[in-house]
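Working notes, beginning with the structure itself.
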There are 2 protein chains.
Amino acid sequence: MVKRTSFEGDACPIARSLEAIGDWWSLLIIRDALFGVRRFGEFQSKLGMAKNILSARLRSMVDHGILETAPASDGTAYHEYVLTPKGRGLFPILVALRQWSEEFDDHPEQITTILVDRAKGRPVKKLELRAEDGRLLSQPDTMVKLRPASRRRSA
Amino acid sequence: MVKRTSFEGDACPIARSLEAIGDWWSLLIIRDALFGVRRFGEFQSKLGMAKNILSARLRSMVDHGILETAPASDGTAYHEYVLTPKGRGLFPILVALRQWSEEFDDHPEQITTILVDRAKGRPVKKLELRAEDGRLLSQPDTMVKLRPASRRRSA
DNA sequence: TCCAGTGGTTGCATAATGAAACTATGTTGC
DNA sequence: GCAACATAGTTTCATTATGCAACCACTGGA
């Protein structure tokens, strides 16, 4: 192996995101964190994962600015892990993963939950990609373009 | 290790999707496949990954119904890997990953490409999650509900 | 002060990853 | 038709990552 490939310097934004969250556990930790889980032991028991792995993942996500540590909200001297805005920004990715399973899973009957609009209790719509002018876009309607050299910051 | 944890029987659709594509390489392979890459060697040279790993990933994604093999379109006796509808359905996940990097990456200047609307050449809008009635939803506006026991199929 | 609970770390076994070498076909130039 | 090269893998081996279990430090409560 020599070393597991890193995508850190890669120009592709997808590779760059996988660098931070592209492992088996990170997105599940985020999922639970969005659900309100904050404490080490709570993550550990809900996810059923080894404590050393959890420890490593939490540290990595803190390093990436996805989580941050804060004093425990229950007054004890312990601390907890809370999502940063960057971490909360992962929500659409989780929704996209969920909707993909809902649409294409070979055993959809094993999926026991649905994501609903809290106000109405009704299922949410599929994520939509739209053009600036509001047209609904699917993959063939899009392309990846080289970004025009961004304006150099002064000096 | 005993065995890397599998999410196969998990009820959570996010865990289930990670079972299929939650590793370092799969989504990058899909990204290139959406771009039109079809041949083993083309994946290998574009991604710069080891051939044995690529081989294992392609096999796994074929098993998961994300890719399928087809006779080569150039008339040779080789075959190629093409996305199934299930595979093309991963597009929103890739868009979500891209947009997350674009919004939160610590070094956004290293991202050299943008996703544009092919017709206009203009950047696409952010993915939007909406309620049935069209209201824009963010994470706190949603909740996960137990699915009502789905109608048992006859007999 | 003792004891349980919380939040880790350490050590060890095994699985996954990666580079390089090797193999088996397919293709091409002659 | 055959040598040489390209394609698409597989195999081997070294190294890293993961997982379990045991251990440890600190906290909080009785």
Side-chain angles (χ1 to χ4, degrees), chain A residues 1-10 15 18-29 32-33 36-64 67-82, chain B residues 1-10 15 18-29 32-33 36-64 67-82:
Chain A
M1 209 215 235
V2 172
K3 178 70 173 185
R4 199 236 230 100
T5 307
S6 161
F7 306 127
E8 204 178 343
D10 201 299
L18 293 175
E19 176 71 22
I21 52 157
D23 64 273
W24 280 94
W25 290 110
S26 292
L27 283 172
L28 295 177
I29 293 170
D32 281 8
V37 173
R38 294 158 161 256
R39 297 287 283 264
F40 186 94
E42 209 179 349
F43 284 114
Q44 204 264 320
S45 63
K46 287 218 178 202
L47 290 167
M49 66 190 292
K51 288 160 55 153
N52 54 344
I53 307 294
L54 175 58
S55 179
R57 288 288 160 271
L58 289 171
R59 195 189 341 272
S60 161
M61 289 198 285
V62 169
D63 289 347
H64 277 96
L67 294 170
E68 60 189 2
T69 54
S73 49
D74 61 1
T76 64
Y78 298 113
H79 68 275
E80 34 186 53
Y81 297 90
V82 298
Chain B
M1 206 215 234
V2 173
K3 178 71 173 185
R4 195 228 236 119
T5 306
S6 161
F7 305 127
E8 202 179 343
D10 201 297
L18 292 176
E19 175 71 22
I21 52 156
D23 65 274
W24 280 93
W25 290 110
S26 291
L27 284 172
L28 295 177
I29 293 170
D32 281 8
V37 173
R38 294 159 161 255
R39 295 286 284 263
F40 184 94
E42 209 179 349
F43 284 113
Q44 203 265 320
S45 62
K46 287 218 178 200
L47 290 167
M49 66 190 292
K51 290 159 61 153
N52 53 344
I53 308 294
L54 175 58
S55 177
R57 287 289 160 271
L58 289 172
R59 197 191 337 272
S60 161
M61 289 199 285
V62 168
D63 289 348
H64 277 96
L67 293 172
E68 59 189 1
T69 53
S73 49
D74 62 359
T76 64
Y78 298 114
H79 68 276
E80 36 188 52
Y81 297 90
V82 298

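Keep in mind that this is a model prediction, so the values were computed, not measured.
Looking only at side-chain heavy atoms (C-beta outward), R39(A) and D74(A) come within less than 4.5 Å of each other. A 4.5 Å side-chain heavy-atom check between M49(B) and F43(B) finds every atom pair outside the cut-off. You'll find the side chain of I29(B) reaches within 4.5 Å of the side chain of L54(B), heavy atoms only.
Taking atom CD1 of residue I53(A) and atom C1' of nucleotide dA15(C), one finds them 12 Å apart after rounding to whole Å. Counting to the nearest Å, the P atom of dG5(C) and the CG atom of D74(A) are 16 Å from each other. We find that CG of L54(B) is positioned 16 Å from P of dA20(C), with the value rounded to whole Å. One interatomic measurement links the two molecules: CD of Q44(B) to C1' of dA21(C), which rounds to 14 Å at whole-angstrom precision. Distance CE (M49(A)) to P (dG8(C)): 13 Å, rounded to an integer number of Å. Atom CG in D23(B) sits about 14 Å away from atom C1' in dG18(C), given to the nearest Å. Rounding to whole angstrom units, CG of residue L28(A) and P of dG19(D) are separated by 11 Å.
Each of G75(A) and W24(A) lies near DNA chain D, and the nucleotide nearest W24(A) is the one positioned closer to the 5' end.
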Open item on the list: Does the protein touch nucleotides 3-12 of chain D at the base, only the backbone, or not at all? Give it as B, S and - per nucleotide, heavy atoms under 4.0 Å.
Closed with: ---BSBBBBB
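The heavy-atom pair separating S26(A) from A20(A) by the smallest distance is OG-O, 4.2 Å. The minimum heavy-atom distance linking F40(B) with K51(B) is given by the pair CZ-O, 3.6 Å.
Note on ring orientation: taking the six-membered ring where Trp is involved, the planes of F7(B) and W24(A) are tilted (angle from 30° to 60°).
Within the 4.0 Å cut-off from OP1 or OP2 of dG19(D), at least one side-chain nitrogen or oxygen of W25(A) is found.
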